[in-house]
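Below you'll find the structure, written out as C-alpha cells, and then a few comments.
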Amino acid sequence: MSKTKGGVILKTANEIELIREGGRLLRQCLNLVREAAVERVRTKDLDQIAYDFIVAQGGRPAFKGYRGFPATLCISVNEEVVHGIPNNRRLKAGDVVSVDCGLAWQGFIADSAITIAVGEVAPNHQKLMKITEESLYLGIAQAKVGNYVQDISRAVQEHCESHGFSVVRDLVGHGVGRDLHEEPQVPNFVSKDKGAKLEAGMVIAIEPMVNTGTFEVVSKRDGWTIVTVDKGYSAHYEHTVAITANGPLILTDGK
Ligand code: MG
Ligand code: MG
C-alpha cells in the first residue's frame, strides 16, 4: 500500500483481487434484492435479505454503523436521491428504487448501487434510469491511466444533460479500499478543478446521481435521506473500479 501526493492510497494487485472477491458477493446480493423488489414488499424486508446474505457469506455490511447509519442498504425511492433508511414503506408500481450497498470482505470494501423499477414506471423515469446507467459506463471508460478525474465527470455530465437530466453536485463518488470513503473525490460534474490524475492502483467508486429536474437536493429531518428540492425523481448507479495499466477494471460486476 502506498500513498500518492494527493493522499490517494494505491492498491496492490492482491488488494484489488480482494475487492473483486467482495464485489462478486455484492453483485449477488444486489441481484437478490432486485428479484425481491416487487409491489407490497417493505424496504426493510429488502434490507434484511441483504444483511442475511452478506453475513451468511462471511462478509460484513460496510454501511451498517458507518457514522451511525443503521442499515445494510441505502434505499432511496422516487424523489429520494441517496442515503434513504430502509423502513416500513411498501413498494408500489411505478416506484424508482435506488439500492446502494457496501460490502466489507477481508478488510476491503466494495461499493455498488443499482436502480430498480417496480412494476411499470413512467416513460421518463425509464429513460432516467437508462441514461444514468449509460453515463456510469461512459464515466468508467474514462477511468484510465493518464486521464484526470474530470474526464470521468465530463463523460457522465454530458451524457445526462444532453438527455435533459441534471447531475447532483452535493454528493460525489470517491476512492474506496480499506475505508468506505478515501481520496480522491469523483464528482459527476465538471468544475475548474481537474481533480486527481489517474494512475494504476487507484480504486474509485463512480456513482452518477441523476435527477429529472433540478440538481438541487436537501437532507431530510432524519439526518440521512437526501431528496430533490423539486420532488423530481432521481436514479443512482455505482461501480467500484480499479485503474490498471490495461484500462478500467470493474470490480463489482460479478465477473
Ligand atoms: Mg455506494
Ligand atoms: Mg459510493
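Note: hydrogens, waters and symmetry copies are ignored here, and every other heavy atom, side chains too, is used. Both ligands and their constituent atoms are indexed starting at 1 by order of listing.
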Does F165 have its ring centroid less than 6.0 Å away from the ring centroid of H159?
-> no
Compute the angle centred on the Mg ion (ligand 2) spanning OD2 of D111 and NE2 of H174, and express it rounded to 10 degrees.
-> 90°
With respect to the Mg ion (ligand 2), what is the nearest N, O or S atom of E238?
-> OE2
Would you check, one step at a time, whether the test salt bridge (Lys or Arg N to Asp or Glu O under 4.0 Å) holds for E161 with R154?
-> CA-CA 10 Å; E161 291 186 351; R154 183 181 298 106; over 6 Å; no
Within D100, is some N, O or S atom less than 2.8 Å away from the Mg ion (ligand 2)?
-> no
Give the ring-plane orientation class for H125 versus Y233, where under 30° counts as parallel, over 60° as perpendicular and anything between as tilted.
-> parallel
Does E207 bring an N, O or S atom to within less than 2.8 Å of the Mg ion (ligand 1)?
-> no
H83 and F69 aromatic centres sub-6.0 Å | no
